[in-house]
Amino acid sequence: MQEAINAALEGMRKMGGGPFGAVVVKNGEIVGRGSNRVTDTNDPTAHAEVVAIRDACAKLGEFQLDGCEIYTSCEPCPMCMGAIYWARPDKVYYACDKTDAADVGFDDAFIYKELELPLHDRKIPFTQISRDESLKIFGEWGEMEDKTEY
């Protein structure tokens, strides 16, 4: 956990990112590191956990983190939670919680609330279009025999 906290501090001080850090560990070795890189990369998805997952997957040559654990300096936000579930590590450890983050200006409560609303009631409108065209691609995926399931 100390390495995740160190990544948060270094990223905040050297790159001006938010105070978040994460590491991915496999068999007792760090295989991925990340700090919040949102502002220095102009990438709203460059949260510490996502950066660490990308780093670990690239190093391991895998798109899933079987046998890995993630250590993060703060309880993951909804986006990072989704990325973690897609990466499928064995376990996640976190230091600060979402209340601690909210207390310093990183409040994700509005996202949790939005997720519970019907699509038409959300602050950012979601409108379904071109479903039939896109559904054809899903049909083709369903027929593929050599696809990689994930």
Side-chain angles (χ1 to χ4, degrees), residues 1 4-5 7-8 10-12 15-26 31-150:
M1 180 58 76
I5 293 168
E10 183 177 339
M12 181 182 70
M15 294 175 274
F20 304 98
V23 294
V24 179
V25 175
K26 185 169 188 168
V31 295
R33 294 180 186 272
S35 61
N36 184 286
R37 304 285 313 270
V38 170
T39 57
D40 73 303
T41 62
N42 294 318
D43 179 355
T45 69
H47 288 198
E49 296 90 341
V50 173
V51 173
I53 289 168
R54 289 173 180 165
D55 186 41
C57 288
K59 286 179 181 166
L60 296 171
E62 302 284 341
F63 59 84
Q64 292 183 337
L65 297 176
D66 298 325
C68 294
E69 296 173 334
I70 296 177
Y71 293 78
T72 179
S73 65
C74 188
E75 181 179 0
C77 75
M79 177 186 69
C80 292
M81 185 93 65
I84 288 166
Y85 272 88
W86 281 115
R88 294 178 176 88
D90 292 350
K91 192 166 187 174
V92 176
Y93 298 92
Y94 65 94
C96 293
D97 63 24
K98 60 186 173 186
T99 302
D100 298 322
D103 288 345
V104 295
F106 295 94
D107 191 354
D108 298 325
F110 77 98
I111 297 173
Y112 290 104
K113 289 176 186 172
E114 285 285 302
L115 291 173
E116 294 176 6
L117 294 173
L119 293 175
H120 62 274
D121 288 338
R122 293 182 180 172
K123 291 190 187 323
I124 299 175
F126 283 70
T127 304
Q128 185 177 30
I129 61 172
S130 303
R131 179 177 182 264
D132 291 338
E133 280 301 306
S134 190
L135 201 54
K136 292 176 187 175
I137 299 167
F138 281 178
E140 187 174 325
W141 170 261
E143 300 292 322
M144 287 178 66
E145 292 181 19
D146 63 343
K147 64 185 168 215
T148 302
E149 300 274 352
Y150 61 98

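Given the structure is predicted, the values throughout are model-derived calculations rather than measurements. Starting from 1, each residue takes its place in the sequence as its number.
- Listed by chain and residue number, nothing satisfies the side-chain contact (heavy atoms from CB on, under 4.5 Å) test with N42 (two or more places apart in sequence, or in another chain).
- Contacts classified as side-chain hydrogen bond (donor to acceptor under 3.5 Å, both in side chains) and involving residues 92-105 (residues at least two apart or in different chains) are not found.
- Among pairs with a residue in residues 105-140, those fulfilling ring pair (Phe, Tyr, Trp, His ring centres under 6.0 Å) read F20-F106, at least two apart in sequence or across chains.
- Counting only residues at least two apart or on different chains, the side-chain hydrogen bond (donor to acceptor under 3.5 Å, both in side chains) pairs with a member in residues 64-92 are E49-T72, E69-Y71.
- The stretch residues 123-143 participates, sequence neighbours left out, in these side-chain hydrogen bond (donor to acceptor under 3.5 Å, both in side chains) pairs: E133-K136.
- Closest heavy-atom contact between H47 and C77: ND1-SG, 3.4 Å.
- Here the straight-line distance linking atom OG of S35 with atom CD1 of I5 works out to 14.0 Å at 0.5 Å rounding.
- The list of salt bridge (charged side-chain N to carboxylate O under 4.0 Å, His left out) pairs with a residue in residues 106-122, not counting sequence neighbours, is empty.
- The two atoms that bring A7 and G34 nearest to each other are CB-O, 3.6 Å, heavy atoms only.
- The shortest non-hydrogen separation linking L115 to P78 is CD1-CB, 4.5 Å.
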Check: residues 50-61 side-chain donor-acceptor pairs under 3.5 Å, at least two apart:
from: R54; atom 1: NH2; to: T45; atom 2: OG1; distance (Å): 3.4
from: D55; atom 1: OD2; to: R33; atom 2: N; distance (Å): 2.9
from: D55; atom 1: OD2; to: K59; atom 2: NZ; distance (Å): 3.2

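- The two residues T39 and G17 have their closest heavy-atom pair at OG1-CA, 3.9 Å.
- Shortest non-hydrogen contact noted between P44 and M79 is O-CE, 3.9 Å.
- Rounding to the nearest 0.5 Å places CD1 of I84 at 7.0 Å from CE of M81.
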